[in-house]
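A quick write-up on the structure given underneath.
Hydrogens, waters and symmetry mates are skipped; everything else that's a heavy atom, side chains included, is used.
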Amino acid sequence: MKKIALFGGTFNPVHKGHINLATEVQKIFNFDKFLFIPAKLPPHKNYPIASPSDRIRMLQLATEDLDQNIFDISDIEVKRDKKSYTYLTLLDFNKIYKPNELFFVVGTDIFSTIETWQNWQELFKLSNFVVVNRPEHPIESMLLKIPPKLLKYVINIEDFQFGMSEKIILTKIKEIPISSTDIREMIKDNKMLDYLPDKVYNYIIEKKLYQEEEC
């Protein structure tokens, strides 16, 4: 049975923090496949987003040096007409990969909003969740924000074994303190960005992405 990691996000743009999270989580879990899943219409975002094709291309550039037998990019959400709800994505991936084990990788900042997700109480029947610490969003604070009924699913990485299901696996890695919001602001200010892979930075400049004021 294979272990499949699903890492969703807007990736607007993808940056070294995303790549660091993916590679550090992969070192810990040794998944058979690690999929980046760019969203088409994120339900909780209200600012301009680079086109799906641009964001996929930036992901391709950012992951070129990773193991291509493991890391890949899925366009399953950008092909969907509806918004990118995690519930729909997990239903789709269960159809594709069942009976393999699925692991949805998410930062503590995003997971703290789990109660606002579509059909959130059904998600844990469809996948384990790997919840990773994010800058300024420690795991301890996240645990205070999620619905108490979810605490029964919580397990530390040290206590997790493959074959377990319906788990929220708390996973700590060394963080890179940057966000896509920070990067978009820096681009508008014409600042050189150490937190962007060089190929992604060059693509952004070539395509003149993120130059307009955000709403």
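- Among residues two or more places apart in sequence or in another chain, the side chain to side chain donor-acceptor pair (under 3.5 Å) test is passed with N133 by E175.
- Pairs of residues two or more places apart, or lying in two chains, that qualify as side-chain hydrogen bond (donor to acceptor under 3.5 Å, both in side chains) and include a residue from residues 21-33 are E24-K27.
- A ring pair (Phe, Tyr, Trp, His ring centres under 6.0 Å) check over residues 54-74, counting only residues at least two apart or in different chains, returns the pairs F34-F71.
- Looking at residues two or more places apart in sequence or on another chain, you find no salt bridge (Lys or Arg N to Asp or Glu O under 4.0 Å) involving D65.
- For Y87 and Y85, the distance between ring centers is not under 6.0 angstrom.
- Contacts of E115 classified as side chain to side chain donor-acceptor pair (under 3.5 Å), with partners at least two apart in sequence or in another chain: none.
- Residues satisfying the side chain to side chain donor-acceptor pair (under 3.5 Å) criterion with D67, sequence neighbours excluded, are absent altogether.
- E136 is linked by a salt bridge (Lys or Arg N to Asp or Glu O under 4.0 Å) to nothing, counting only residues two or more places apart in sequence or in another chain.
- Of the options F7, F93, F31, a ring pair (Phe, Tyr, Trp, His ring centres under 6.0 Å) to F103 is made by F31 and by none of the others.
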Side-chain atoms of residues 139-165: list all donor-acceptor pairs with protein atoms under 3.5 Å, sequence neighbours left out, distances to 0.1 Å.
from : atom 1 : to   : atom 2 : distance (Å)
E140 : OE2    : K172 : NZ     : 3.4
K149 : NZ     : Q121 : OE1    : 3.2

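- When the salt bridge (Lys or Arg N to Asp or Glu O under 4.0 Å) test is applied to E122, the partners found at least two apart in sequence or on another chain are K125.
- When the side chain to side chain donor-acceptor pair (under 3.5 Å) test is applied to N20, no partner is found at least two apart in sequence or on another chain.
- The side-chain hydrogen bond (donor to acceptor under 3.5 Å, both in side chains) contacts involving residues 100-112 comprise nothing, where partners must be two or more places apart or lie in separate chains.
- Legend: residues meeting ring-ring contact (aromatic ring centres under 6.0 Å, His included) with F129, ordered by chain and number and at least two apart, are F104, F111, F124.
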